[in-house]
> 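I'd like to ask some things about the structure below.
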Amino acid sequence: MDSRKESSEISRNKCAACFRQFNRMEHLVEHMRISYHSVHEPMCGICKKHCRSYESLREHLIGPLPKQECKNIFSVRGCKFCLTILGSPNARRVHQERCQLSGVNAGLLASFANLGLRDSLTLDSGYARGRQVVALAYKMVGGGSDGSLDLCARVCLIDENENIIFHTYVKPPIPVTNYRYETTGIRPEYLRDATPLRQVQRKIQDFLCNGEPTWRIRPSGGKARILVGHDLDRLQLEYPAVMMRDTAKYPPLMKTSKLSNSLKYLTQAYLGYDIQTGIQDPYEDCVATMRLYIRMKSQNHKIEDYPLASDPQNRNNFASWRQSELERMSPEEMLAISRSDYYCWCLDS
């Protein structure tokens, strides 16, 4: 009888999301208070364990110390790109062929190598069909005495259909001391009459704001565009963070150590093809980030009226004055009121 009671207590103190076990209920409550488990976390399609990132989920399924039962099923029915579990080996084969994308045609990239200014940036007069999304990428040359100072020298912007809407070489504000030709393909003559950086930044910002003052831009509604990219901070655009979708900072795409993955790795792991081999083109990076965004945006998560822990309606979900009430809840009930601490891109749908 005592052993059954003890087993029941153990089950009661087990997190319903990550399955972590606690000795006391108050410790589980504290864990839920700071973990921000939610329906938006990557989840194992077999045992339903929640993981903080897809890298953590990948380790759970095929890492050095995977859960054996999940590993066995995943090896037969799991997609190695999106980590979805399919109904049969044949369904997995068909799905994985669709899930693995093809890289940008090498001939197409070669034609972009000498592409000069292309500018199709226009402002919309009205409210378009939902939020418009564009992807931005850039290439850096080196400045300073040792050439280690990153300077933006080329910028590309594409739409959701992977069409170039803006491309230009950029004249850095200080002299270039290392063109990094082996990876950038940029020569001195390309930058001689290039557009100054400040002018490029202003032009892109005006296009993104789409006629709205920066202070008025909100996450929902309005005409401002969503900006997708990788490590967007380096371009120093004055644009609201709530309108940026950065694949370097999106928690589900980060390492288990909470550091950023490279765009090269993310593309190979989640899209199934290689980029940035030899001379790199910003168009190729634009396409990769847009495809990653669309894949993350298409995640099918439960719809909640107030999905963020920061929403006013959720701020007291795990308040300390509710401690006694929370300790009487089951782990499943606590998970039901737990909310995400990051904005899931599925909410853009």
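Values below: all heavy atoms of this structure, side chains included; hydrogens, waters and symmetry mates excluded. Not measured: the values here are computed from a predicted model. One is the number of the first residue; the rest follow in order along the sequence.
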> Output yes when a side-chain donor or acceptor of Glu160 lies under 3.5 Å from a complementary backbone atom of Gln132, and no otherwise.
no
> Please give me the minimum heavy-atom distance between Leu197 and Pro173, naming the atom from each residue.
CD2-CD, 4.0 Å
> Members other than Val94 in its cluster, when Ile, Leu, Val, Met, Phe, Trp, Tyr link by side-chain heavy atoms under 4.5 Å?
none
> Tell me yes or no: between the side chains of Tyr179 and Arg187, is some donor less than 3.5 Å from an acceptor?
no
> Below 4.5 Å, heavy atoms only, C-beta onward: do Asp348 and Val133 meet side chain to side chain?
no
> For the side chain of Ser349 and the backbone of Lys297, is there at least one donor-acceptor N/O pair under 3.5 Å apart?
yes
> Less than 4.5 Å apart, any side-chain heavy atom of Leu136 and any of Leu208?
no
> NE2 of His230 to CG of Asp246: how many Å apart, nearest 0.5 Å?
7.0 Å
> Is the backbone of Asp311 close enough, under 3.5 Å, to the side chain of Asn314 for a donor and an acceptor to pair up by distance?
no
> Answer whether the closest heavy-atom distance between the side chains of Asn316 and Trp321 falls below 4.5 Å.
yes
> Any side-chain heavy atom of Lys203 sitting closer than 4.5 Å to one from Thr195?
no
> What are the two closest non-hydrogen atoms of Ser340 and His40, and how far apart are they?
CB-CD2, 4.3 Å
> Would Glu325 and Arg328 pass as an ion pair if we require N to O under 4.0 Å?
no
> With rounding to the nearest 0.5 Å, note down the distance linking CZ in Phe19 to NZ in Lys48.
9.5 Å
> More than 12 heavy atoms of other residues, nucleotides or ligands under 6.0 Å from NZ of Lys139: is that the case?
yes
> Step by step, work out the side chain to side chain donor-acceptor pair (under 3.5 Å) result for Asp285 and Gln276.
CA-CA 8 Å; Asp285 292 357; Gln276 299 177 352; 3.3 Å; yes
> For a side chain to side chain contact (heavy atoms under 4.5 Å, CB included) check, start with the C-alpha distance between Val200 and Phe166, then their side-chain angles and the critical distance, and finish with the verdict.
CA-CA 10 Å; Val200 171; Phe166 183 68; 4.2 Å; yes
> Looking only at non-hydrogen atoms, find the nearest pair between Cys70 and Leu61 and report the distance.
CB-CD2, 4.0 Å
> Could you pull out all residues at least two apart from Asn72 that satisfy side-chain hydrogen bond (donor to acceptor under 3.5 Å, both in side chains)?
Gln68
> Donor-acceptor pair, distance only, cut-off 3.5 Å: does the side chain of Asn13 make one with the backbone of Asn23?
yes
> Does Tyr273 reach the main-chain N or O of Val104 with its side chain, forming a donor-acceptor pair under 3.5 Å?
no
> State whether Arg180 and Asp150 are salt-bridged, where the test is any N-O pair (Lys NZ or Arg NE/NH1/NH2 against Asp/Glu carboxylate O) under 4.0 Å.
yes
> Step by step, would you call Ser88 with Asn90 a side chain to side chain donor-acceptor pair (under 3.5 Å)?
CA-CA 5 Å; Ser88 68; Asn90 186 56; 5.4 Å; no
> Grab the two heavy atoms, one from Gln280 and one from Arg154, that are nearest each other, plus how far apart they are.
O-NH1, 4.4 Å
> Which value, rounded to the nearest 0.5 Å, describes the distance between Glu55 atom CD and Tyr265 atom OH?
3.0 Å
> So Cys47 and Glu69, do their side chains get closer than 4.5 Å, heavy atoms only?
no
> With under 30° as parallel and over 60° as perpendicular, where do the rings of Tyr250 and Tyr342 fit, or are they tilted in between?
perpendicular
> Quick one: does any side-chain atom of Ser53 pair with a main-chain N or O of Leu253 as donor and acceptor, under 3.5 Å?
no
> Tell me whether the rings of Tyr293 and Trp345 are parallel (<30°), tilted (30 to 60°) or perpendicular (>60°).
tilted
> Run the side-chain hydrogen bond (donor to acceptor under 3.5 Å, both in side chains) test against Arg202 and tell me which residues pass, sequence neighbours left out.
none
> Within the side chain of Thr214, is there an N or O that forms a donor-acceptor pair under 3.5 Å with the backbone of Cys209?
no
> Under a 3.5 Å distance rule, please check whether Gln100 uses its side chain to pair with a backbone N or O of Gly272 as donor and acceptor.
yes
> Would you compute the distance between atom CD of Glu284 and atom NZ of Lys264 and round it to the nearest 0.5 angstrom?
8.5 Å
> Side chains of Val134 and Leu227: does their closest heavy-atom pair fall under 4.5 Å?
yes
> Can you tell me how far apart CZ (Phe318) and CZ (Arg339) are? Round to the nearest 0.5 Å.
9.0 Å
> Output yes when a side-chain donor or acceptor of Arg12 lies under 3.5 Å from a complementary backbone atom of Met329, and no otherwise.
yes
> Looking at side-chain heavy atoms only, is the closest gap between Phe81 and Gln96 below 4.5 Å?
yes
> Looking at Ser35 and His31, would you say the former's side chain and the latter's main chain have a donor-acceptor pair under 3.5 Å?
yes
> Using every non-hydrogen atom in the two residues, find where Met254 and Asn261 come nearest and quote the distance to one decimal.
C-ND2, 3.6 Å
> Report the distance from atom OH of Tyr54 to atom CD of Gln299, rounding to the nearest 0.5 Å.
3.5 Å
> Does the cation-pi check pass for Arg225 over Phe207, that is, NZ or CZ under 6.0 Å from the six-membered ring centre and within 45° of its axis?
yes
> Is the shortest heavy-atom distance from the side chain of Leu263 to the side chain of Leu292 under 4.5 Å?
yes
